[in-house]
Amino acid sequence: SSLYNNEVSLQIVNGSSDHISIVEDQVVKTKAGAKFAIVKNGVLKYLPTGNSTKSIAYQNILRVPYGKTFKVILSDGSLVHLNSGSVLTYPSVFQKNKPRKVFLEGEAFFKVSKDIHTSFLVNSKSSSTKVYGTEFNVSEYLDENSADIVLVEGSVGVKKNLGIKDNEPYKLITPSQKASLRKNAKDFEITDVDVQKYIGWKDGILSFQNDRFEDIKKTLERHYNVKITNNYHKMNNLRFNGDFQNDSIEKILNTIKTHTNFSFERKGDTILINNPKNNEMNLN
């Protein structure tokens with residue numbers, strides 16, 4: 001899939017669907033030559049448009065591969081920090097006095113600019129988060145079994161994304177709460193959490209708190225752009241704690257190994273995890 005290409009890419013859907021690699025500093029222009037964004041020091045920044053309604057809003061699709069994270073500043077000044085293996089779809093310009101809508105697949109931390117006239121909506125496959133100016137994290141990877149919204153400051157409302165016809169009100173959550181929507185669940189479950197665990201990734205910190213190895217494995221695969229094959233199934237439901245900052249994946253696996261013995265070997269981008277006993281016996 002395109003997520004395994006190792007570069008952050010931007011697709012501008014303006015009739016041509018150009019793909020741009022945005023690794024280097026550059027000015028981003030429409031096909032007609034109008035500049036609307038710049039890339040500087042690894043941040044993609046859209047030019048503020050003031051109150052002009054003339055600007056045409058092209059859809060932009062920003063893809064961040066496994067092993068990378070990336071920041072974008074939208075035309076309203078909102079900052080979005082995208083985690084590995086995520087895709088954000090948004091317009092180059094928000095329409096005046098209409099809700100500012102973006103669509104997320106994967107995980108992102110949002111710092112939304114306050115605008116008393118218009119709300120900001122983050123839609124994902126199963127959830128919709130409505131915001132008026134705040135800091136929060138949304139995570140809904142396709143291979144995970146829930147959508148999780150964690151509020152750091154401000155206030156947001158959450159509801160199931162059942163399409164426009166749904167007039168259900170948004171449920172408000174307060175800072176340090178997580179709203180979790182499990183697959184096939186009727187509604188969100190709201191709990192108090194330590195937000196650091198959910199937003200540490202943007203500072204290079206992986207934080208595990210009583211997490212199942214099966215879930216840790218997915219996080220490691222995205223973060224380090226590797227494939228982990230676990231042949232030691234007993235590991236899957238074991239739970240682990242630990243904070244790691246800019247450590248190698250080998251160091252993390254070795255730390256987990258001190259609690260639960262297993263063996264692993266790395267070949268290129270693949271890591272095999274085995275039952276340690278199988279290495280000692282001659283298997284006939």
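Worth saying up front: this structure is predicted, and the values here are computed from it rather than measured.
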Quiz item: Can any side-chain N or O of Ser128 pair as donor or acceptor with the backbone N or O of Lys159 at less than 3.5 Å?
Solution: no

Exercise. Measure from the side-chain N and O atoms of Ser84 to the backbone N and O of Lys68, and report whether any donor-acceptor pair falls under 3.5 Å.
Key: yes

Quiz item: Going by heavy atoms in the side chains, are Thr129 and Leu121 under 4.5 Å from each other?
Solution: no

Quiz prompt | Heavy-atom side-chain proximity of Ser207 to Asp243 below 4.5 angstrom | solution = yes

Exercise. May I ask you to check if Arg222 and Tyr141 form a cation-pi contact, with NZ or CZ under 6.0 angstrom from the six-membered ring centre and within 45° of the axis?
Key: yes

Exercise. May I ask you to decide if Leu44's main-chain N or O and Lys71's side chain share a donor-acceptor pair within less than 3.5 Å?
Key: no

Quiz item: Got a salt bridge between Lys171 and Asp187, using NZ or NE/NH1/NH2 to carboxylate O under 4.0 Å?
Solution: yes

Quiz item: Ring centres of Tyr224 and Tyr66 under 6.0 Å apart?
Solution: no

Self-check item: Nearest heavy-atom neighbours spanning Val226 and Leu220
Solution: CG2-O, 4.1 Å

Quiz item: So does Arg212 pair up with Asp215, basic N to acidic O under 4.0 Å?
Solution: yes

Quiz item: Between Tyr198 and Val112, is there a shared hydrophobic cluster once you connect ILVMFWY residues whose side-chain heavy atoms come closer than 4.5 Å?
Solution: no

Quiz item: Is it true that Glu189 and Arg182 make a salt bridge, defined as a side-chain N closer than 4.0 Å to a carboxylate O?
Solution: no

Quiz item: Is a side-chain donor or acceptor of Ser78 paired with a backbone partner of Ser113 at a separation under 3.5 angstrom?
Solution: yes

Exercise. Step through the shown structure and confirm whether more than 12 heavy atoms of other residues, nucleotides or ligands are within 6.0 Å of NZ on Lys183.
Key: yes

Quiz item: Is the Phe136-Phe110 ring centre distance short of 6.0 angstrom?
Solution: yes

Quiz item: Do Ile73 and Tyr46 share a hydrophobic cluster, counting only Ile, Leu, Val, Met, Phe, Trp and Tyr and linking them when any side-chain heavy atoms are less than 4.5 Å apart?
Solution: no

Quiz item: Between Pro65 and Asn6, which heavy-atom pair has the shortest distance, and what is it?
Solution: CG-C, 3.7 Å

Quiz prompt | Those residues that, when tested against Asp192, pass salt bridge (Lys or Arg N to Asp or Glu O under 4.0 Å) (two or more places apart) | solution = none

Practice problem: Evaluate the side-chain proximity of Val13 to Ile61: yes if any heavy-atom separation is below 4.5 Å, no if none is. | Solution: yes

Quiz item: Under the 3.5 angstrom rule, does the side chain of Asn254 hit a backbone N or O of Glu250 as a donor-acceptor pair?
Solution: yes

Quiz item: Would you say the side chain of Phe120 lies within less than 4.5 Å of the side chain of Val156, judging by non-hydrogen atoms?
Solution: no

Practice problem: State plainly whether the residues Lys227 and Glu221 are in salt-bridge range, i.e. N to O under 4.0 Å. | Solution: yes

Quiz item: Are Val80 and Phe103 connected, step by step, through hydrophobic side chains (Ile, Leu, Val, Met, Phe, Trp, Tyr) whose heavy atoms are closer than 4.5 Å?
Solution: no

Quiz prompt | Sidechain-backbone polar pair: Asp25 side chain, Asn41 backbone, donor-acceptor under 3.5 Å | solution = yes

Quiz item: Taking side chain as C-beta onward, heavy atoms only, is Pro91 less than 4.5 Å from Gln59?
Solution: yes

Quiz item: Counting distance only, does the side-chain N/O of Asn60 pair as donor-acceptor with the main-chain N or O of Tyr58 below 3.5 Å?
Solution: yes

Quiz item: Which pair of heavy atoms, one from Gly42 and one from Phe70, lies closest together, and at what distance?
Solution: O-CE1, 3.2 Å

Self-check item: Cluster overlap Ile12 with Val39, hydrophobic side-chain contacts below 4.5 Å
Solution: yes

Quiz prompt | Asn137 backbone acceptor or donor facing Glu107 side chain under 3.5 Å | solution = no

Practice problem: Verify the cluster assignment for Leu206 and Phe240: are they in a single hydrophobic cluster under the rule of side-chain heavy atoms below 4.5 Å apart? | Solution: yes

Self-check item: Aromatic ring proximity, centroids under 6.0 angstrom, Trp201 and His223
Solution: no

